[in-house]
Amino acid sequence: QVQLVESGGGLVQPGGSLRLSCAASGSIFIIYTMGWYRQAPGKQRELVAAITSSGSTNYADSVKGRFTISRDNAKNTVYLQMNSLKPEDTTVYYCNADIRASIGIARRGYWGQGTQVTVSS
């Protein structure tokens with residue numbers, strides 16, 4: 001059983017910073033791409049940032065230059081450093097990881113439970 005546990009959300013003023021963390025645990029053979037998504041009420045879930053196992057990254061245009069994704073493969077953890085936060089960044093953020101649980105089992109995507117980020121004065 002694989003679990004993704006997120007932490008680091010909260011309330012911050014516009015222009016402030018937050019750091020999200022997501023740790024994968026359980027039966028894990030290989031973790032491929034890890035990423036962060038967000039979903040506002042009534043909207044589709046959208047990719048915020050993703051990072052491959054070798055460290056290649058990509059970002060949504062709306063967060064380029066403000067957010068940085070990184071990962072610690074030894075800890076099976078992905079981070080999202082969010083700077084210069086804006087009110088429109090307010091929503092629930094979800095961690096996603098493409099994981100092969102063991103040899104012979106197909107890789108699949110797993111989701112965290114979500115963490116709320118609120119940017120407001």
Side-chain angles (χ1 to χ4, degrees):
Q1 190 77 1
V2 174
Q3 282 190 318
L4 300 182
V5 178
E6 301 141 341
S7 60
L11 172 65
V12 65
Q13 292 187 340
S17 298
L18 282 175
R19 189 192 196 208
L20 305 183
S21 300
C22 172
S25 63
S27 175
I28 297 172
F29 180 59
I30 299 176
I31 302 179
Y32 300 94
T33 299
M34 303 183 83
W36 290 94
Y37 289 72
R38 64 188 182 186
Q39 185 170 22
K43 294 189 176 181
Q44 284 191 323
R45 192 168 294 188
E46 64 173 1
L47 175 68
V48 176
I51 183 167
T52 67
S53 56
S54 60
S56 297
T57 60
N58 71 290
Y59 296 91
D61 287 342
S62 59
V63 307
K64 282 181 181 176
R66 300 189 298 123
F67 292 9
T68 302
I69 190 170
S70 61
R71 65 191 282 174
D72 184 333
N73 291 329
K75 296 181 178 180
N76 291 339
T77 299
V78 62
Y79 306 96
L80 186 68
Q81 178 66 43
M82 305 186 292
N83 299 329
S84 303
L85 282 160
K86 305 175 181 180
E88 50 264 42
D89 295 317
T90 296
T91 190
V92 180
Y93 286 71
Y94 296 90
C95 173
N96 175 270
D98 184 13
I99 295 174
R100 186 184 303 277
S102 65
I103 296 175
I105 294 181
R107 59 196 280 183
R108 53 156 285 196
Y110 293 85
W111 292 95
Q113 79 283 1
T115 185
Q116 176 70 42
V117 170
T118 302
V119 184
S120 175
S121 54

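Side-chain contact between Tyr59 and Ile51: absent, with no pair of heavy atoms (C-beta onward) separated by less than 4.5 Å. Between Thr90 and Ser120, every side-chain heavy-atom pair lies at or beyond the 4.5 Å cut-off.
Applying the side-chain hydrogen bond (donor to acceptor under 3.5 Å, both in side chains) rule to Ser17 yields the partners Asn83; only residues at least two apart in sequence or on another chain are considered. Taking Val117 as the reference, Leu18, Leu20, Met82, Tyr93, Val119 meet the side chain to side chain contact (heavy atoms under 4.5 Å, CB included) condition, with sequence neighbours excluded. Lys64 pairs by the salt bridge (Lys or Arg N to Asp or Glu O under 4.0 Å) definition with Asp61, not counting sequence neighbours. In terms of the side chain to side chain contact (heavy atoms under 4.5 Å, CB included) criterion, residue partners of Gln113 (sequence neighbours excluded) are, by chain and number, Glu6. Every residue was checked against the ring pair (Phe, Tyr, Trp, His ring centres under 6.0 Å) condition with Tyr110, not counting sequence neighbours, and none meets it. Applying the side chain to side chain contact (heavy atoms under 4.5 Å, CB included) rule to Asp72 yields the partners Ala74, Lys75, Tyr79; only residues at least two apart in sequence or on another chain are considered. With sequence neighbours excluded, the residues satisfying side chain to side chain contact (heavy atoms under 4.5 Å, CB included) with Ser56 are Thr52, Ser54. Residues satisfying the salt bridge (Lys or Arg N to Asp or Glu O under 4.0 Å) criterion with Arg38, sequence neighbours excluded, are Glu46, Asp89. Shown here are the salt bridge (Lys or Arg N to Asp or Glu O under 4.0 Å) partners of Arg107, two or more places apart in sequence or in another chain: Asp98.
Side-chain heavy-atom separations under 4.5 angstrom define the hydrophobic clusters, and Leu11 shares its cluster with no other residue. Alongside Val92, the hydrophobic cluster contains Tyr37, Leu47, Tyr94, Trp111 (criterion: ILVMFWY side chains under 4.5 Å).
Note: Ile69 CD1 to Trp36 CH2 = 8.0 Å, rounded to the nearest 0.5 Å. Going from atom CD1 of Ile99 over to atom CE of Met34 covers 6.0 Å, rounded to the nearest 0.5 Å. How far CZ of Arg71 is from OG of Ser21: 14.0 Å, rounded to the nearest 0.5 Å.
With a 6.0 Å radius and a threshold of 12 heavy atoms from other residues, nucleotides or ligands, Gln1 has its CD atom at or below the threshold.
Val78 and Cys95 get closest at one heavy-atom pair: CG1-SG, 3.8 Å.
Of the possible donor and acceptor atoms, one in the side chain of Thr91 sits under 3.5 Å from a partner among the backbone N and O of Gln39.
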Please report, to 0.1 Å, the donor-acceptor pairs under 3.5 Å made by any side chain of residues 24-32, with sequence neighbours excluded.
| unit_1 | atom_1 | unit_2 | atom_2 | d |
| --- | --- | --- | --- | --- |
| Ser27 | OG | Ala101 | O | 3.3 |
| Tyr32 | OH | Arg100 | NE | 3.1 |
| Tyr32 | OH | Arg100 | NH2 | 3.4 |

